[in-house]
2 protein chains.
Amino acid sequence: MKPKQSNAMKTGASDAPPQFVRRIAVDHRERPSEVPAALAAHPDVRITFDQLSLGDYRIDNTLIVERKTLTDFAQSVRDGRLFAQASRLIRVKRARPCLILEGTRINHWSAALPRTALQGALITVTLVFGLPVLRSASPEETANLILYAADQLHRRATRPPKRRGYHPKGLNRQQNFLLQTIPEIGPTRAQRLLNTFGTPFGVASATIDDLQMVDGIGKSAATKIHQVFHGP
Amino acid sequence: MKPKQSNAMKTGASDAPPQFVRRIAVDHRERPSEVPAALAAHPDVRITFDQLSLGDYRIDNTLIVERKTLTDFAQSVRDGRLFAQASRLIRVKRARPCLILEGTRINHWSAALPRTALQGALITVTLVFGLPVLRSASPEETANLILYAADQLHRRATRPPKRRGYHPKGLNRQQNFLLQTIPEIGPTRAQRLLNTFGTPFGVASATIDDLQMVDGIGKSAATKIHQVFHGP
DNA sequence: TGAGAGAGGGTGTGA
DNA sequence: TCACACCCTCTCTCA
Ligand SMILES: [Mg+2]
Ligand SMILES: [Mg+2]
């Protein structure tokens with residue numbers, strides 16, 4: 001919209017002055033959108049148009065962004081293109097893929113899916129495919145997101161060595177955690193088991209009947225415990 | 001609880017009749033929220049309040065949900081709790097972790113961060129930490145998201161892409177995770193231990209010398225293992 | 001035969 | 001999820 005003062009943009013991307021020029025390859029199909037202009041309005045950003053085989057924006061092998069307006073998104077859900085694309089994106093090595101969903105239901109009302117369909121698709125993409133999804137309200141915000149994300153990821157790569165903390169967890173806590181990996185066993189039941197049988201070995205040695213004598217452990221949990229320790 | 005909503009059936013979660021009862025463990029700190037009631041309003045859903053060591057909603061080996069209202073989220077960004085929590089969530093092995101951000105700026109105006117700060121935090125959480133984030137407009141929608149997500153994940157044999165190490169399935173997987181809670185034991189050594197001793201009980205019964213015969217297990221690891229199972 | 005050093009691998013941490 | 005520092009383990013060498 002207003003590609004002038006860089007300082008006017010309040011995004012962290014420009015707040016923290018970028019150390020060096022960020023080169024962004026933009027798919028030529030994105031040319032008609034307002035995002036490239038918004039990107040170029042930032043200082044230290046150089047964009048080049050290119051034909052990208054995957055994604056719409058690429059920043060030096062750290063970030064690949066697929067941008068979709070709500071309308072695009074709805075369309076790609078309907079024709080099933082979305083999931084194919086998502087699965088190609090997550091397969092990319094060496095770079096973090098990411099989907100930016102641009103727009104609100106207000107300005108994309110015509111193409112909007114029912115909200116539940118939208119959410120359903122988002123769940124599949126995010127949770128099942130594991131593809132990170134960000135939402136943006138406008139092309140300008142999309143540009144800011146891209147830059148901020150690129151900076152974050154880049155910072156990770158160029159980071160001074162850091163101190164490693166070590167955490168000597170107490171033994172009891174350790175044992176408690178071990179038992180908690182058993183389904184239906186949380187901190188409370190884990191502790192009760194330890195109180196009753198003394199150690200994880202004690203728990204492991206108990207019979208299903210023994211186990212059921214513990215307060216809060218029923219047949220189901222007792223069976224599970226025994227099964228995890230001894231197999232079916 | 002107030003299971004009066006019958007109109008709550010608008011989600012895909014209930015559109016496709018669930019195959020079996022979904023048991024959801026809810027952290028007791030979520031009791032005051034409206035989400036549990038919204039969950040319970042669904043057919044075939046049984047919720048139990050429990051103390052969860054991590055996350056707010058847990059559907060057995062499938063999904064762990066951390067729910068945050070916008071207000072919570074803003075707070076946790078400010079005090080830095082967010083990233084610590086995210087990194088704990090991302091390391092959960094038993095199930096797929098996920099953050100649901102509930103609310104809009106409209107009804108959480110008071111606590112809202114500047115939009116850029118919100119986006120910045122979301123970028124870090126999603127892109128850098130790789131934690132899936134979903135957004136919800138209301139407690140009811142949160143409930144729908146949880147159920148739909150659980151169904152999706154359960155349905156898909158497709159496990160989300162590889163984590164480091166071996167990826168066994170079923171019971172063996174649980175046994176593997178159990179052993180991984182021991183210091184110095186990761187996926188690789190856990191699997192070797194299981195291959196050698198058959199079950200966690202077998203491992204627990206082994207002497208320190210027995211343990212050291214496993215490839216990759218030395219004196220230090222053997223001692224730790226024995227100690228966790230038997231105490232000092 | 002035992003000690004010690006060095007390499008490689010695995011784990012755990014931070015982001 | 002990814003990258004990598006650290007430390008355990010194993011092997012090889014030399015006494
Ligand atoms: Mg596109
Ligand atoms: Mg919470």
Side-chain angles (χ1 to χ4, degrees), chain A residues 12 16 59-64 86 89-99 125-134 148-169 173-174 177, chain B residues 64 76-77 80-93 95-99 120-133 159-167 176-177 179-196 208-209 211-228:
Chain A
I59 292 113
D60 58 36
N61 289 334
T62 55
L63 181 67
I64 299 184
L89 279 167
I90 56 172
R91 258 161 250 291
V92 173
K93 286 299 175 191
R94 208 80 213 152
R96 199 98 176 86
C98 139
L99 171 64
V125 170
T126 336
L127 236 49
V128 179
F129 285 87
L131 179 69
V133 176
L134 298 170
Y148 191 84
D151 284 355
Q152 283 285 348
L153 291 175
H154 190 265
R155 196 164 305 154
R156 182 174 64 174
T158 29
R159 142 188 34 138
K162 54 196 62 151
R163 294 188 178 181
R164 314 187 101 242
Y166 61 109
H167 46 163
K169 286 181 257 186
R173 199 157 186 232
Q174 224 27 274
F177 280 156
Chain B
I64 296 184
S76 70
V77 169
R81 208 176 66 224
L82 176 67
F83 297 153
Q85 212 167 12
S87 91
R88 282 162 66 217
L89 279 166
I90 208 60
R91 283 180 226 292
V92 169
K93 297 163 184 161
R96 192 104 171 104
C98 136
L99 171 64
L122 281 177
I123 285 174
T124 306
V125 169
T126 8
L127 273 182
V128 181
F129 284 64
L131 180 69
V133 176
R159 287 230 122 253
K162 51 189 170 184
R163 293 189 171 182
R164 183 178 50 197
Y166 295 142
H167 304 282
N176 192 300
F177 290 156
L179 294 176
Q180 284 189 48
T181 63
I182 301 167
E184 298 185 33
I185 305 301
T188 305
R189 288 169 178 168
Q191 195 52 52
R192 288 185 188 156
L193 287 166
L194 284 176
N195 291 342
T196 306
I208 295 185
D209 286 339
L211 291 166
Q212 288 193 65
M213 302 189 58
V214 177
D215 205 25
I217 307 281
K219 182 164 189 185
S220 166
T223 311
K224 291 269 174 37
I225 295 168
H226 190 84
Q227 194 175 49
V228 170

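A note on names: the letters A, B, ... follow the listed sequences, proteins ahead of strands, and every chain is numbered from 1.
- Residue contacts shown for B:Leu127 are absent, as no nucleic acid heavy atom lies under 4.0 Å away.
- At the phosphate of C:dG9, neither OP1 nor OP2 sits under 4.0 Å from any side-chain N or O atom of B:Thr188.
- For B:Glu184, the side chain to side chain contact (heavy atoms under 4.5 Å, CB included) criterion is met by B:Arg189, B:Ser220, B:Ala221, B:Lys224, not counting sequence neighbours.
- Regarding A:Lys169, its NZ atom lies at a distance of 15 Å from the P atom of C:dT11, rounded to whole Å.
- Listed pair B:Arg96 / D:dT1 meets the phosphate criterion, a side-chain N or O lying under 4.0 Å from OP1 or OP2.
- What separates CZ of A:Arg94 from P of D:dT1 is a distance of 17 Å, to the nearest Å.
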For nucleotides 7-9 of chain D, give me every protein contact, N/O to N/O, under 3.5 Å, one pair per line with atom names.
| residue | atom | partner | partner atom | Å |
| --- | --- | --- | --- | --- |
| D:dT9 | OP1 | B:Gly218 | N | 2.7 |
| D:dT9 | OP1 | B:Gly218 | O | 3.3 |
| D:dT9 | OP1 | B:Ala221 | N | 2.9 |
| D:dT9 | OP2 | B:Ser220 | N | 3.2 |
| D:dT9 | O5' | B:Gly218 | N | 3.2 |

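- Rounded to whole Å, atom P of C:dG10 lies 14 Å from atom CG of B:Asn176.
- Every residue two or more places apart in sequence or in another chain that forms a side chain to side chain contact (heavy atoms under 4.5 Å, CB included) with B:Thr223 is listed here: B:Ile208, B:Lys219.
- In this structure, CD1 of B:Ile90 is placed 16 Å from P of C:dG14, rounded to the nearest angstrom.
- Not a single side chain to side chain donor-acceptor pair (under 3.5 Å) links A:Thr126 to another residue, sequence neighbours left out.
- If you measure from atom CZ of B:Arg192 to atom P of C:dG9, you get 11 Å, rounded to the nearest angstrom.
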Could you pull out all donor-acceptor pairs under 3.5 Å where a side-chain atom in residues 80-90 of chain B meets a protein atom, sequence neighbours excluded?
| residue | atom | partner | partner atom | Å |
| --- | --- | --- | --- | --- |
| B:Arg81 | NH1 | B:Asp79 | OD2 | 3.3 |
| B:Gln85 | OE1 | B:Lys68 | NZ | 2.9 |
| B:Ser87 | OG | B:Ala84 | O | 3.3 |

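- Summarising the geometry, the separation between CZ on A:Phe129 and P on D:dT1 is reported as 15 Å, rounded to the nearest angstrom.
- For A:Phe177, there are no ring-ring contact (aromatic ring centres under 6.0 Å, His included) partners two or more places apart in sequence or in a different chain.
- Among the atoms of the strands shown, only primed sugar atoms or phosphate atoms (P, OP1, OP2) are found under 4.0 Å from some heavy atom of B:Pro183.
- In this structure the side chain of B:Leu193 reaches within 4.5 angstrom of the side chain of B:Leu211, judged on heavy atoms.
- Checking the phosphate oxygens (OP1, OP2) of D:dT1, no side-chain nitrogen or oxygen of A:Arg156 falls inside 4.0 Å.
- Counting to the nearest Å, the P atom of C:dA15 and the CG atom of B:Leu89 are 17 Å from each other.
- Taking atom CG on B:Leu82 and atom C1' on C:dA15, their separation rounds to 12 Å, with Å as the unit.
- Under a 3.5 Å cut-off, the side chain of A:Arg94 and the backbone N or O of A:Asn61 do not form any donor-acceptor pair.
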